[in-house]
Amino acid sequence: MKIMVPVKRVVDYNVKVRVKSDNTGVELANVKMSMNPFDEIAVEEAIRLKEAGKAEEIVVVSIGPKAAQETLRTGLAMGADRGILVEYDGETEPLAVAKILKGIVEEENPSIVLLGKQAIDDDCNQTGQMLAQLLGWPQGTFASEVAADGDSVNVTREIDGGLETVKLSLPAVITTDLRLNEPRYATLPNIMKAKRKPIDEKTPGDFGVEMAPRLTTIKVEEPPKREAGIKVESVEELVGKLKEKGVI
Ligand code: AMP
């Protein structure tokens, strides 16, 4: 079985993002970029399935600028076998990404496409669902456990107030939630080995996909600053202040 893992290059989750002075977006110049954290979890899960003998090949795919090669190399250093870069310099929207992924699925015939539940830059949480719809495949979203078994896979989903386990017939789309696993760090020898693993280069045109954005960002704003707190001398004073503010 082949597993395809789409990985997005995003601002590193440790970076304190800054809004551009003209409020058109966030500052990307000289900012550390990394693999979307949910996609690292997806790569890790694919590797675990391969280590358990349930999968033979893992293909990582990224749609983004030339520099997204680094993101693919991270996946290859973790343990994926090969990469596909679909080069595009602008912002990518979920529908266009899902259409490109559909084109790659038709060429690669994976049994599972394992995506992150959301990209931490656009917070869309749409690509996996759209891809499943375009392919007409079953989907298991927000996975906290994945158990592959022959021609089906059981996905335990994190839902409000509990867990739900669904059985999907393969091929299927799965999206990862935070508690699925803890991704491994790539070791130095594996980082070196990853440099020799193949990365195919494609363009959106190869899949006949129009990338022009359908959304226009009107405004991006910082969250309001928190007001400074005050110190109180006694519980009575605290209760008085809370009553004054109408909190109790
Ligand atoms: P989103 O729907 O944008 O929140 O993204 C959900 C998931 O789709 C991500 O975690 C990735 O697995 C995948 N994805 C989204 N955009 C891209 C991209 N440009 N390249 C590769 N994978 C992507």
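Excluded from the calculations below are hydrogen atoms, water molecules and symmetry mates; all remaining heavy atoms, backbone and side chain alike, are included. Just so it is clear, the model here is predicted, and its values are computed rather than measured. Ligands are counted one by one from 1 in listed order, and the atoms in each one are counted from 1 as well.
- Looking only at distances, no side-chain donor or acceptor of E87 sits under 3.5 Å from a matching main-chain atom of I63.
- Q133 places no side-chain N or O within 3.5 Å of a backbone atom of Q129 that could act as its donor or acceptor partner.
- Using modelled atom types and a 3.5 Å distance limit, the side chains of R157 and T141 yield a donor-acceptor pair.
- With a heavy-atom cut-off of 4.0 Å, L115 touches ligand 1 through backbone and side chain alike.
- In the vicinity of C124, heavy-atom distances shorter than 4.0 Å reach the ligand 1 atoms 1 (P), 2 (O), 3 (O), 4 (O).
- For ligand 1, none of its N or O atoms has an N or O atom of K117 under 3.5 Å away.
- P6 CB, 3.4 Å is the protein heavy atom nearest to atom 22 (N) of ligand 1.
- Defined by atom type and a distance below 3.5 Å, a donor-acceptor pair is present between the side-chain atoms of T156 and T165.
- At the top of the distance list for atom 6 (C) of ligand 1, counting protein heavy atoms only, stands G116 O, 3.5 Å.
- Below 4.0 Å from some heavy atom of A119 lie the following atoms of ligand 1, by number and element: 1 (P), 3 (O), 4 (O), 5 (O), 6 (C).
- Between the side chains of N181 and E45, at least one donor N or O lies within less than 3.5 Å of an accepting N or O.
- Of the residues K50, K197, R82, the one that meets the salt bridge (Lys or Arg N to Asp or Glu O under 4.0 Å) test with E57 is R82.
- Atom 10 (O) of ligand 1 has as its closest protein heavy atom D39 OD1, 2.5 Å.
- K117 places no side-chain N or O within 3.5 Å of a backbone atom of F38 that could act as its donor or acceptor partner.
- Close contacts of ligand 1 with D122, meaning ligand atoms under 4.0 Å from a residue heavy atom, involve 1 (P), 3 (O), 4 (O).
- Residue T127 has at least one N or O atom closer than 3.5 Å to an N or O atom of ligand 1.
- The protein heavy-atom contact nearest to atom 16 (N) of ligand 1 is K8 CD, 3.4 Å.
- A donor and an acceptor atom, one from each side chain of N190 and T187, are located under 3.5 Å apart.
- No N or O atom of V61 sits closer than 3.5 Å to an N or O atom of ligand 1.
- A salt bridge between E107 and K202 is present, with a side-chain N of the basic residue lying under 4.0 Å from a carboxylate O of the acidic one.
- For atom 14 (N) of ligand 1, the closest non-hydrogen atom on the protein side is V97 CG1, 4.2 Å.
- The N125 neighbourhood of ligand 1 comprises atoms 1 (P), 2 (O), 4 (O), with distances under 4.0 Å to a heavy atom of that residue.
- At a heavy-atom distance under 4.0 Å, only backbone atoms of V7 (N, CA, C or O) approach ligand 1.
- Of the protein's non-hydrogen atoms, the one nearest atom 19 (N) of ligand 1 is I63 O, 2.8 Å.
- No side-chain donor from either of Q126 and Q118 sits under 3.5 Å from a side-chain acceptor of the other.
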